[in-house]
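Written out below as structure tokens is the structure these notes cover.
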There are 2 protein chains.
Amino acid sequence: MADSDPEQTLERKRGSGVKLVYDLLRDEILDLKLAPGSAIDEVALAARFGMSRTPIREALVRLVSEGLIETLPNRSTMVSNIDFLGMHAYFDALVLMYRVTTRLAAQHHRPEDLENIRAHQAEFSDAVRSQDALAMIATNAAFHSAIAAAGRNAYYAGFFDRLLGEGRRMLRLYYQSYEDRLPNRFVDEHEEIIAAIAARDVDAADRLGKAHGEQIVEQIGRLLTRHERQDIEL
Amino acid sequence: MADSDPEQTLERKRGSGVKLVYDLLRDEILDLKLAPGSAIDEVALAARFGMSRTPIREALVRLVSEGLIETLPNRSTMVSNIDFLGMHAYFDALVLMYRVTTRLAAQHHRPEDLENIRAHQAEFSDAVRSQDALAMIATNAAFHSAIAAAGRNAYYAGFFDRLLGEGRRMLRLYYQSYEDRLPNRFVDEHEEIIAAIAARDVDAADRLGKAHGEQIVEQIGRLLTRHERQDIEL
DNA sequence: TGTATTTTTCTTGTCGACAAGAAAATCAGA
DNA sequence: TCTGATTTTCTTGTCGACAAGAAAAATACA
């Protein structure tokens, strides 16, 4: 299936291969195009991208260090499974980072940050309108990432990006289960958050960030309990 | 200098090379044995460890993804500089994580966690007694990492470990400047934290974690302002 | 037929070599 | 002597090939 699609027969610039593979694999993993647990074959990837195994391997090492794929020594490498048991911990961290980054954005944002945030919100809104689930998820993450960037704390921003990435897989699961129908509510909540940031209202930003996070948590939580009833018994 | 010291002439198990190089380089960077900004030569490392450049390269990729080294494309790779300008953001994140992890440990710790934490505290205390600055720094980080582990939130724990790692370099700078004299106070504060965790006193844990963090921040802050007066003018 | 053992196959980990890109060194011209 | 172009050198990025480890397949034996 992959050999019929040589990703890029064009000449690539020296050093660009790793980034290309990394970005693409990362997106495919986060969009659930590569299912959790599915095997990753280095030689197949090398053939698909028309390059040797060395740059492929470096991209895989990066993905491993981000926890997106796992390797059994001397054996297989596969897409990491979503950690359902650690989900509670994940939501805790996510909500806290929603709060912290939104707060900081209200404090430290500059005019150009607001433009950037609004641009991402526009993209998100477009994605919602056109019912493009994958775009919705990606642009939503980008929106919140832009807020974190406006908060001017690289440590929080990096951590938050990581959480958002992991969350993209869960959100994908969520939307899939609802046949890609959309919660329009998110768009409105985003607007409120932007308003609070623009007004430099730290308390409102904190409160809205918390509410937004908890709302998502609650929705995904509903999905999971439903799934657990159907699939597994704990 | 390096070629006189072939790190390991023994046979290594297949797959162990990367971890060996990674662990050693990481420690050398965090202990400031490799100065920030100093160049890293792949072939020299390959010679030093008696292996080819491939596993060296994978270790370097991991270190890059952790932000400990940086690479200029097609040119040099070097140890990352300590981000003094972003220090304020760092301290914010560190104090918050001190609070959160200590809180969670008070809530969720199990008996074996306490044993583990106390063991690390004993090591830290030994290091303080024997005036071993490097050991103090490493065992201090391990102590707090153990607390985070007891909090049962892998996301916080991972983030915190990363912050503690970055902090090891600053602490090293700090102790160096005081000729490795020690703040005995840390030992006592650690004991208080342990007591609060053992008593499952969440509020006390939060407060002590915050105070402990801010105390360290203040000390390092003093060091930096002193340095800034001496070295650079901003 | 079922189980233990050997053989094969397949994937990963490592290696040595080569090519490209950039800096340093050399050289030419004024 | 200084400046600009050219050559050399040095480091990194990529490649193809080989070896080791483990699973799967095949074989032998009861």
Side-chain angles (χ1 to χ4, degrees), chain A residues 1-3 6-25 29 34-35 37-80, chain B residues 1-3 6-25 29 34-35 37-80:
Chain A
M1 49 178 76
D3 48 311
E7 201 74 33
Q8 285 277 77
T9 27
L10 302 164
E11 293 295 311
R12 265 182 300 275
K13 261 168 279 175
R14 176 189 176 82
S16 71
V18 181
K19 182 173 163 44
L20 183 80
V21 175
Y22 168 80
D23 286 339
L24 217 110
L25 278 185
I29 291 173
L34 288 176
S38 63
I40 292 186
D41 184 2
E42 294 178 4
V43 300
L45 286 174
R48 172 179 168 196
F49 288 96
M51 59 179 72
S52 116
R53 276 175 53 221
T54 311
I56 304 280
R57 222 139 192 296
E58 294 200 2
L60 293 185
V61 168
R62 286 182 58 183
L63 290 169
V64 166
S65 75
E66 284 182 34
L68 291 180
I69 69 180
E70 293 168 6
T71 74
L72 284 293
N74 275 321
R75 292 209 265 130
S76 60
T77 85
M78 58 180 225
V79 180
S80 294
Chain B
M1 47 182 79
D3 46 312
E7 203 75 33
Q8 286 278 77
T9 28
L10 302 165
E11 292 295 310
R12 266 182 299 274
K13 261 168 280 175
R14 176 186 175 87
S16 71
V18 181
K19 182 173 163 44
L20 183 79
V21 175
Y22 168 81
D23 286 338
L24 217 110
L25 278 185
I29 292 173
L34 289 176
S38 62
I40 291 186
D41 185 2
E42 293 177 5
V43 300
L45 286 175
R48 172 179 168 195
F49 288 96
M51 60 180 71
S52 113
R53 277 176 52 221
T54 311
I56 304 282
R57 220 137 194 297
E58 294 199 2
L60 293 184
V61 169
R62 286 182 57 184
L63 289 169
V64 166
S65 75
E66 285 182 34
L68 290 181
I69 69 180
E70 292 169 7
T71 75
L72 285 293
N74 274 321
R75 294 209 266 129
S76 60
T77 86
M78 58 180 226
V79 179
S80 294

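Sequence lines set the chain letters: A, B, ... in the order given, protein chains first and strands last, and positions in each chain run from 1.
- In this view, B:Val21 and B:Leu25, B:Phe49, B:Met51, B:Ile56, B:Ala59 satisfy the side chain to side chain contact (heavy atoms under 4.5 Å, CB included) rule, not counting sequence neighbours.
- Partners of B:Asp41 under the salt bridge (Lys or Arg N to Asp or Glu O under 4.0 Å) rule, at least two apart in sequence or in another chain, do not exist in this structure.
- Among residues two or more places apart in sequence or in another chain, the salt bridge (Lys or Arg N to Asp or Glu O under 4.0 Å) test is passed with B:Arg57 by A:Glu58, B:Glu42.
- For A:Thr71, the side chain to side chain contact (heavy atoms under 4.5 Å, CB included) partners are A:Val64, A:Thr77, not counting sequence neighbours.
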### Protein proximity profile, nucleotides 6-19 of chain D - base contact B, sugar-phosphate-only contact S, no contact -, cut-off 4.0 Å on heavy atoms
-----SBBBB-B-B
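- For A:Arg14, the salt bridge (Lys or Arg N to Asp or Glu O under 4.0 Å) test picks out no residue, with sequence neighbours left out.
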